[in-house]
Structure formats: structure tokens, C-alpha cells
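Reviewing the structure listed below.
In this chain, numbering begins with 1 at the start of the sequence shown.
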Amino acid sequence: MRAAGRPAWAEVRGRLAAADPGLLRFTAGLRTVTSIALTLGVLAALRADVSHLVAGAITAMVATFAIREKQGRAQAVTLALGLPVALASMSLGALLNSRVVIGDLFFVALIFCAVYGRRFGDRGTALGLIGFQIYFASLFVHATLSALPGLYVTIAVAFGSAAVARFVLVRQTPTGILDRLRRAFRARFAHLVSAQAELLDAGPHDLDKTVEEVRVRTARLHETALLIQGRLTDGTSDEAVARLVQRRIADAEIAAERLGLLLLTARSARRADTLTLHLPGAPLPSAAREPVRDEAMERLRLDLEALRLLVLRPAGPEAGTALSGLRNRLLGYREEENLPPGSPAVQDVFRGIGEAARAVLGLRIALDGPQDESDDTPATSRSREELDAEDAAIEGTEEQDQESEEETGLHRPTTRAAVQVAVGSSLAIVGGEFLSAQRWYWAVLTCWIVFINTASTGEILVKGYRRLLGTVLGVVAGIGLAGLVGHHTWTAFGLVLLFIFAMFYSAPLSYTLMSFFVTAMLGLLYTLLNTYSLDVLVLRIAETALGAVCGVIAAALVLPVHTDRRTDELLVKTLDRLADVTRAAADQLSGAPPVDLVEKARDLDQALADLRAAVQPLTHPITPLRSRRDTARYVVALLETCAYHARSLAATAELLPTHPAIAADPRLRGAGRRIVHNIEAISAQVAGQQPVAEIETGPSIAAMLQPGTLGAPRYGRVTDRVLRHLQRLDEAVAGLARPLQVPVRARAV
């Protein structure tokens, strides 16, 4: 029974790790709920009334979620500074509650300062958020000067409970978070391999669905890799270890994505286009082809399952010799003589499995330390030697300084947002007063929230729409819950805790769902405060709509950042990063001194992630401009394709100093120069530079460079791989010319 339960629990842990990388959402929700529960317990023991319980719950929630620093000491300092800010904010709220004009003016000034505080990093953001939300809480519970002593005690209890929850009961360390993210990466890697294995058996009618699942799981693996990238510096012992883990994560991600392409090619009559794994709805190559069931395919199924086990099973003596045997067999596919008989496309898949197994081995060594080498075969030993040589090369590479440019004055993002939200809040106060003299602050809250983590008018519009939709659905739920709960105080607080957990857990997934839980929770709080009525909840919808409209008006008329401008800026940044990676990789493959290519590739990934978030208003289902939506999706998919090939080139280029299988070829610099010229021409066109440059087309890069002199590959067709990535990158960059309206000049052969 015990032995059977362990794999089941491991499966549950793996699914949780894959669904919530690093358990970040789960921990955020659990910590907030724990903080609120502690606050309510202490206040109940002090016999506080319901209004103080509600104020304590709001304060504990804010004191928990507002703090975002990664190091414990920085979190403690921010929490300590937040307490006097909260006390001052509550005092001013009670003092100005009856002074309408002065109170409104102060509220607008407070909103401006809270948003402007984002300029000073996580601490400024947290203190501004605490100041605003506690002032809002004072309005919500109708704080008065006579009630201040009790409210001071409530706030102190809430901050103390938040500290206990954060540093004792639900403690997180950067090292622990990174460790959970590593497990999540392994789990998502294994889930991706499972989806890839389904490609072998998918029939013509199921192939589209299967490829879509591979596409989704590939994106999730990439998302986890970016999360790890953001936590490496704080979660590892030193910079050398961080760089090593970064490289091994990149290797594993590239190997996993390449394996999916090779499997899709094996199922098709011709080579699969990389765009297929990046563009939803992209046509599949020869999609009607029936699955093949022969000896080679059956072996592929077994080997893919072996790769999945290799990814998931922990290293160490408990893994047993069986796992070593699987590892040795898969690594053997990196030797040409060990490849099973089959078509060239099927043999490429076996090579891809061997490369993926090598990436898993490197990941194990980087994350878990040295492994037992007693069962190694010659192929496994050679893989270890390659990894050791790469590790030494990584340790000797110096990290280059990153330069950043920041706008100044009113064009600084934080200043612009502060001015916009102050104007929008002023409009919301005036309009909200016409709707309700008691609850106008709901409009202000919505206006404030739609500006958080948004940078363009389109993003604010989409966020306002999602909040309104979630609010309407939450009102419907609140009506039903209010009737069920009645005046059962602790039942209502129990549901409030449940909704708060759901709110934090769902926030990164769906803003609409988060707004639903917020509104349903507020309906329960109104019930507790004996202010619940159907009119109140309907008023909340009206105030929410008003706040969203005021936010959009302010964003559109005051120092506007239109969606087109925002996306163009990020598109230029992404293209510049792509040019940097391509140039550096081509130069290094041509014999130039080594540089930190992995870091450049991650800069490209981050720029692409920012662009993907910024184009959401253009690709949202409610957008009426269908052709524009399709164009935006196509451009982002092409850029993701370019990024994949650029990452692969960078990874291959970094092997040059350590692998005898690869030798520099000076002709690659010319091939890379053409690609970089085209990327820069497209970037100049998007940036509106004059005169408009043309992109160059000509003979395929593979034809230009044959016969290659990259060296006779010992462990796979490295020459073909480099040429293939260059060719595909060249084609994808040229493909960007049409949707971005860049002129094309054909070069004579």
C-alpha cells in the first residue's frame, strides 16, 4: 500500500507543479488566507465588532499581497514601513471622511503619489498600494475619529498577523522558490514529451488537436524557463551556479522544442515548418497521413516514455540501475552507429531523443550535483566530458553589462501613469458622487486598478472590460450567496477566505475570474456590515462601469500611449534583440571570440514576452478588426519562430570551444550578415526611419555554403543543423516583410 501510494502522490505533485510553476499562485493565496484568518482569530478573541473584523481582513490582505521583494530582509523592512503608512492613511481617512471637497482632493493626491511610487521599485509600489487601500478601507467601514484607537489596534494586529504568516507559517525563500520552479520545469518537460508521443498515434482527425496540445505545452515550458530566469540570481549560491543552471535550462528547452518538430516531420510527407508550433491554426504538413505502426515507430514510443521517466525520476541511488540503462540507451542515439533502422526522418527523431537525453543529463548535473558514473557506457561518458568542458567554458565567460535607457519628465512611464490615474480618478469621483454619495469610491477603485500593470490605452480598455464582466457575474453570485448565508457571521467569513484564495490563485490566469471572486466576496462583506441589498450590488456594477470608462478616457486624452505606439516600440526592441543574438551567434560560428550568447537569448525571450503581452488588445476576441488581429498573431508567431532558431544557433555556437565535432566556418558570417541586415531593415521600417531600407533575398543559405566546412560531425549532423536553423531564420525574417510592409529587393544569384 505504501509503495503504491508513493507514485500516486508523486503524480499529484507533478501535476500541481506543472499547473502552478513554483506553487507561486498557491502560496500567494494560502499566505493571504492565513494572514486574514490569524487577524480574524485575534480580533475575535479581543471581542472586536464586525466593522473592525472587516477592516482587519482588508488590512491583512493588503499587507500580504502588496509586498513583492524576493529577499526576506527586504520584505521585513517594507512591512515595517507599511505599518506607519497604514496608520497615517486610516487617520486621514477618518479625519477627512466628513469633509467632502478636501477629502476628495486628498484622495486624488494620494492616488497620484501611490502610482508615482512605482518609480522607486517594489518598495515604493508596496507602500503606495498600502496607503491607497487602507484609505479605501477607511471609506468602506466609515471610519470616524472616535473609532481610531480601535482601528489602530486592528491595523497593528493585521500587520503582525501578516508578518507571522509570511515569515513563520507560510515561509518562502528564494532558494525554495527556485527549487520548486525546477521541479515545475521537469514536470512540464515530461508533460510536453507525453503530448509529443501522442503525435505518433494521432489519426488525421485528431492531429490538429494533438498539435495544439503540443503547442500549448511548449509555451508552458517556455513560461517556466522565463520564471526560473527571473529567480536565478536570488535563488542560487553564486553567479557561476546561476549561469550554469541558466544554460542547462536553455539547452533542455531547445532540445524539447526541436524534438516536437522532428516528430511532426516524421508524421508528415515533408519537413514541418517551425511556425506550426507557434501559430494557432497553422496548416499542418500532409495532415491526412495515417499513423505508421512499424518496428521503428514502436521503438520510438518506448523511447519517448523512457525519456519522460528520465526527466521525472529523481537522481541518486534510489533511481536504480534500470534508469541508468534507459539513460545509456537514449544517449547512445547520439552515435550514428547506434541509430535503429528507419527512414531519415525517423532517424532524426532518434537523434533528437539522444540530444534531449543529453540535455536532461546536463540539467541533472547542474541541479543535483555530480552523478554516479559506474554504469556509464562510452557514449554516456563522452556526453559527460562534453558537459564538463562546457561548464568550464561557462565559468570563464564574463557577463556583459546591460545598458538601459529611461524616459524622463512627463514621458516617464510612472509619471505618465500617475497623471493619467489622477485625472481618471477625479472624473470617477465626480461621476461617482452623482451615482451615490456614499459609495462613489468603487468607481475610483476600478479606475485605479485598470491602470495597474498596463501601459497603453488598449490594455486599459481590455482590462476594464474584463473587470466589468467579472463584476456582473460576481453580483449574480453575490445575490445568491447573501440569501444563503444570511447573518451567519463565521460562515460568511469562511466563504470570504475561500474567495480570497481563489482570487489570488486565479489572478495570473484570468482577470475576469479574479474580478468575479472579488465581487462575490464584497457581497458577503456587505451582508456582514448589514448594508447588503440588491440596489447596492447593482450600484457596484454601475460604479465599476463608470470607473472603467473614466480610466479609458484619461488614458486616451491625457499623455496617451496608443496601443500601436506601444506595440511598435516593443516590436523594435524585440527585433533589435533578435539581431543581437543572430549577429553574435553567426560571428562565433565564424570564429569570433566567445560572448555570453545565453544571456542575449534570454534578453530576446523577455522582449518577446513583453510584446506578446502588449498585443493582447489587438488579439482579444472582442476586437472588431479581425484582419488586424490575424496579422498581430501571425507576426508574433513568426517572431517566436525566429527566436527558436536564434536560440538554437546560440546554443550550437557555444559548443565551438569545447566540441571537436564543430569547427568555425568564416562563410557563416556572410550568411548571418544578410539575416541581420534584413532584421535591421524591418526594425527601421517599424520605427519609421527614412529612407526605407529593403530586405535582401537570394539563394538559400544551405546552397551558398555547400559543401560545409563546419567539421565532420561525430555526434550528429551538426553541419546540417546549423544550416537548417540559418535557412529557417532567413525565411522567417523574410516572412515578416509582408505583414509589416517592408519592401523586398531580390538579389541576383
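- Between the side chain of Thr574 and the backbone N or O of Leu570, at least one donor-acceptor pair lies under 3.5 Å.
- Taking 4.0 Å as the cut-off between side-chain N and carboxylate O, Glu355 and Arg351 do not count as a salt-bridged pair.
- Checked by atom type and distance alone, the side chain of Asn678 never pairs as donor or acceptor with a backbone atom of Val733 at under 3.5 Å.
- Salt bridge Arg602/Asp605: present, at least one basic N to carboxylate O contact under 4.0 Å.
- The pair Asp587-Arg583 fails the salt-bridge criterion, with no side-chain N (NZ, NE, NH1 or NH2) lying under 4.0 Å from an Asp/Glu carboxylate O.
- Applying the side chain to side chain contact (heavy atoms under 4.5 Å, CB included) test between Arg188 and each of Glu223, Arg217, Arg183 identifies Glu223 as the sole match.
- A heavy-atom distance below 4.5 Å is found between the side chains of Leu263 and Leu304.
- One finds no salt bridge joining Asp603 and Lys600 here, because no Lys/Arg side-chain nitrogen approaches an Asp/Glu carboxylate oxygen to under 4.0 Å.
- Annotation: side chain of Glu257 is not in contact with side chain of His222 (no heavy-atom distance under 4.5 Å).
- Remark: the backbone N or O of Ser194 is not paired with any side-chain donor or acceptor of Arg308 at under 3.5 angstrom.
- With hydrogens and angles ignored, the 3.5 Å screen pairs no side-chain donor or acceptor of Glu295 with any backbone N or O of Pro341.
- The backbone N or O of Ser324 lies less than 3.5 Å from a partner atom in the side chain of Asn328, making a donor-acceptor pair.
- Side chain of Arg364 to backbone of Leu310: a donor-acceptor contact under 3.5 angstrom is found.
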